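Have a look at the structure below before the remarks.
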Amino acid sequence: MSETVTAEAHRVTPGTSHPGRTESVLPELREMWWETGVRARAEAGVFAVFAELPRLVWTALGISWRADRLRTGVVGAATVGAGVMAAFGLLATQRVLVELFAGGPTADKVRAALPALAVLAATVALRAGMGIATGYAQNGLTPRVSREVERGLFEVSTAVRLEAFDADAFADDMERASRGTESTIGLVQASMNLLAGLAGLLAVAAAVIVIHPLLLLALLVATVPNAWASLRAGHLRYQTYTTGSVRRRRLWLLHKLMAERASAPELRSYGLRRFLLDQYDRVMQVETDIQLALARRVTTTTTVGAIVGGLATGTVYALLGLLLLDGQIPLAAAATCVIAVQSAQRSLAIATFQVDHVYTEGQHFGDYTGFMTRADAYLPDNTGPVAAADPDRLRELTVNEVSLRYPDRDTPAVDGVTLTITAGQTVAFVGENGSGKTTLAAMIASLRAPTEGSIEWNGRPLSEWDVDGLRARIAVVTQEYHKWPFTAATNIAIGDVDSEARQDRIEAAAGRAVAHDMINELPHGYETLLDRTFARGQDLSGGQWQRITAARGFLRDAELLIMDEPSSALDPRAEDALFQTIRDRRGRLTTILITHRLANVRHADRIFVLHHGRLAEAGTHADLVAAGGRYAELFALQAAGYDADLAEGHQRTRTAQ
């Protein structure tokens, strides 16, 4: 079945069953971060994998060395030492067997074998100790490697300019790079395990050559078939995994839809249970068939490998028998070779498993390093010859012919806007949805940079001021606020992280946002955790969250406060109290208010009306109503809902026009 399902095929009536159909109504999904490494492994042949291994292993060793040189050195030394001990152990085993197979009384033979037995015991003990040292060092490496890589990612993701998140390519890259920590740790561990497996193989090979060079050929014949079968089976699994990635993500989405709290009310109110279960059955039937086919192919491959490997091992034993009969090797050497074959097979099994792991994790790590390189283009430019100055207290804010175009839009979101705001004013940005109000406010807040024009703070472009100092003088209450998974007090306190989070300041800010009484009614007051993900966490309504967000903005008592739709979910009483707080800032501090409820901007010093990104009108409420333009029309439409006479008059006016 093709993974691409057409729009026509998606037209399924909810609640009905279609036994003859297997397609899902879920649309084609975007490739996820974890698919890149798996897909690369599936598309790469065995020889391509081996060609890439040296670079990946060297990269892993470099990461580990930078994270912790001592522990990396311990792992390297212990790995080499364990291989050497394995070789000495085989040689000691042969010496023990030689003495035990010699003629004479048993007691004499045992006494003669005691020195070799002591060497064998010492090598086993030393090898075990080196294994413990390796495990201890690797466990210590894991958090250090994790911190180095994860910290680097977060340093970049929190520093890039906001417009980076508008680019689809950047978002996809960052999604893949988020796997960086796990993949880097996996790459380091898999590389070290691979080296350990190879060290064991080399040790066995060296010991076998010392015993009898011809036994090396026998060793290869006995171990290579199983190694080939293991790599081939892994290749088949990866191929099947990548072709089924879309189906698995559809199953994951269906799991969320059927098992999460957010979708539970509508699932029941619309009777979607049978419909969603039907979708699950369709996708799962295809996945089950594919997994059964994979099981048959993998079983066939491993069976062939096992048969060939068994025949090869039997051939080796037959060869050893012929060499014994011909007197080419002693009995002790033949017995040691049997032990060596078993040891080599174990080491090769480790190595072949780690080969796949190293290659796949290496591809994920490549996504991480690629993101870190490409993200440089979005980092703020700090290459100026003179350090930016801290801004003065706001006297005047000027917007000069400012435009901004988003990467995926043909038309600008803001187009040639010019306006001036004087300190102490309360101004409003109004207009229909998509008129550019929020984008213009984001540029004023220095969260976005204009593609054309400039914004000046006290006559100096924002880009010439220290960005941190500038943002310290601005507070922004966003329309799409984030529900931070902290306590109510911390949710407010993060509005001013550079100042002491005193309880009296937090409660005062909550009072101005009409949130104090609401917070006190929560089970643990200001210490209530506002996230149901955690134990004893609580849910808030949209209006309650909006009060918390407004309190966050009021905490700093900033020189410039930008409030974007601060009351869209508030009840009338709370909304009136909130706007009274905003009006109290007039003449003292500057406020930019964005709202669709035009009754709340009547007292603004200036109202700027935006339409399709351009400044259409500007003036006071009285001026704009008298002008009879776009603002007057929007205001009359809203007022008509409260005044029937006004509604009839407005309708007559529109009919006359």
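It should be emphasised that the depicted structure is a prediction, and the values quoted were computed from it without experimental measurement.
- More than 12 heavy atoms of other shown residues, nucleotides or ligands fall within 6.0 angstrom of atom CZ in F486.
- The shortest side-chain heavy-atom distance between R71 and Y136 falls under the 4.5 Å cut-off.
- Residues A558 and I474 come closest through the heavy atom pair CB-C, 3.9 Å.
- Checked by atom type and distance alone, the side chain of W465 pairs as donor or acceptor with a backbone atom of W457 at under 3.5 Å.
- By the 4.5 Å heavy-atom criterion applied to side chains, F429 and L419 are counted as neighbours.
- The OG1 atom of T398 sits 9.0 Å away from the CD1 atom of I421 when rounded to the nearest 0.5 Å.
- Looking at every heavy atom in both residues, L404 comes nearest to A449 through CD1-O, 3.4 Å.
- For Y280, the ring-ring contact (aromatic ring centres under 6.0 Å, His included) test picks out no residue, with sequence neighbours left out.
- A 4.5 Å side-chain heavy-atom check between F554 and T549 finds every atom pair outside the cut-off.
- The only option from L610, V402, V414 that meets the side chain to side chain contact (heavy atoms under 4.5 Å, CB included) definition with T439 turns out to be V414.
- In this structure, the side chain of N458 engages the main chain of R393 through a donor-acceptor pair within 3.5 Å.
- Of the possible polar contacts, one joining the T373 side chain to the T369 backbone as a donor-acceptor pair under 3.5 Å is found.
- S146 places no side-chain N or O within donor-acceptor distance of the main-chain N or O of T142, the cut-off being under 3.5 Å.
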L394 and T590: side-chain contact (heavy atoms from CB on, under 4.5 Å), yes or no, with the steps?
CA-CA 9 Å; L394 179 62; T590 309; 3.8 Å; yes

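- Going from atom CD of E148 over to atom OG of S64 covers 9.5 Å, rounded to the nearest 0.5 Å.
- Annotation: the span from S263 atom OG to L253 atom CG amounts to 11.0 Å, rounded to 0.5 Å.
- In W484, the CH2 atom is not crowded: 12 or fewer heavy atoms of neighbouring residues, nucleotides or ligands sit closer than 6.0 Å.
- Shortest non-hydrogen contact noted between A159 and P380 is O-CD, 3.2 Å.
- Residues passing the ring-ring contact (aromatic ring centres under 6.0 Å, His included) test with Y378 are F170, sequence neighbours excluded.
- Residues I592 and L561 have side chains not in contact (no heavy-atom distance under 4.5 Å, counting atoms from C-beta outward).
- In this structure the side chain of L615 never reaches within 4.5 angstrom of the side chain of T418, judged on heavy atoms.
- Distance check, rounded to the nearest 0.5 Å: CG of D557 to OG of S499 gives 11.5 Å.
- Within the structure, the salt bridge (charged side-chain N to carboxylate O under 4.0 Å, His left out) test picks out the following pairs touching residues 473-501 (sequence neighbours left out): R473-E559, D496-R505.
- Between R151 and E155 there is a salt bridge, since a side-chain N of the basic residue sits under 4.0 Å from a carboxylate O of the acidic one.
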Please step through side-chain contact (heavy atoms from CB on, under 4.5 Å) for the pair H255 and L257, ending with a clear verdict.
CA-CA 5 Å; H255 175 271; L257 293 174; over 6 Å; no

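- F371 places a side-chain heavy atom less than 4.5 Å from the side chain of L153.
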What do the steps show when you test L447 against R471 for side-chain contact (heavy atoms from CB on, under 4.5 Å), and what is the final call?
CA-CA 9 Å; L447 298 177; R471 289 175 181 170; 4.3 Å; yes

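- Under a cut-off of 6.0 angstrom, the local environment of NE2 in H596 is crowded, with over 12 non-hydrogen atoms contributed by other residues, nucleotides or ligands.
- Minimum heavy-atom separation, L470 to L462: CD2-CD2, 3.6 Å.
- Heavy atoms of other residues, nucleotides or ligands lying less than 6.0 angstrom from CD of E266 number 12 at most.
- Pairing each heavy atom of R448 with each of E163, the nearest pair is NH1-CA, 3.6 Å.
- D564 pairs with exactly one of T595, T438, T478 by the side chain to side chain donor-acceptor pair (under 3.5 Å) rule, that one being T438.
- A donor-acceptor distance shorter than 3.5 angstrom exists from the side chain of R405 to the backbone of D410, with no hydrogens or angles considered.
- Annotation: the span from T72 atom OG1 to R144 atom CZ amounts to 10.0 Å, rounded to 0.5 Å.
- Side-chain atoms of T490 do not come within 3.5 Å of backbone N or O of A493 as any donor-acceptor pair.
- One distance of note links CG of L440 with CG of D415; it measures 12.0 Å at 0.5 Å rounding.
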Going through the distances and angles, do I562 and V477 end up as a side-chain contact (heavy atoms from CB on, under 4.5 Å)?
CA-CA 6 Å; I562 299 173; V477 176; over 6 Å; no

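- Using a cut-off of 4.0 Å between Lys/Arg side-chain N and Asp/Glu carboxylate O, R460 and E456 are scored as not salt-bridged.
- Judged by distance alone, with hydrogens and angles left aside, the side-chain atoms of S435 form no donor-acceptor pair with the main-chain N or O of G613 at under 3.5 Å.
- The shortest distance between side-chain heavy atoms of T420 and L397 does not fall below 4.5 Å.
- Here the shortest heavy-atom pairing between L141 and D68 reads CD2-CB, 3.7 Å.
- Side-chain contact between H482 and W545 is absent, with no heavy-atom pair separated by less than 4.5 Å.
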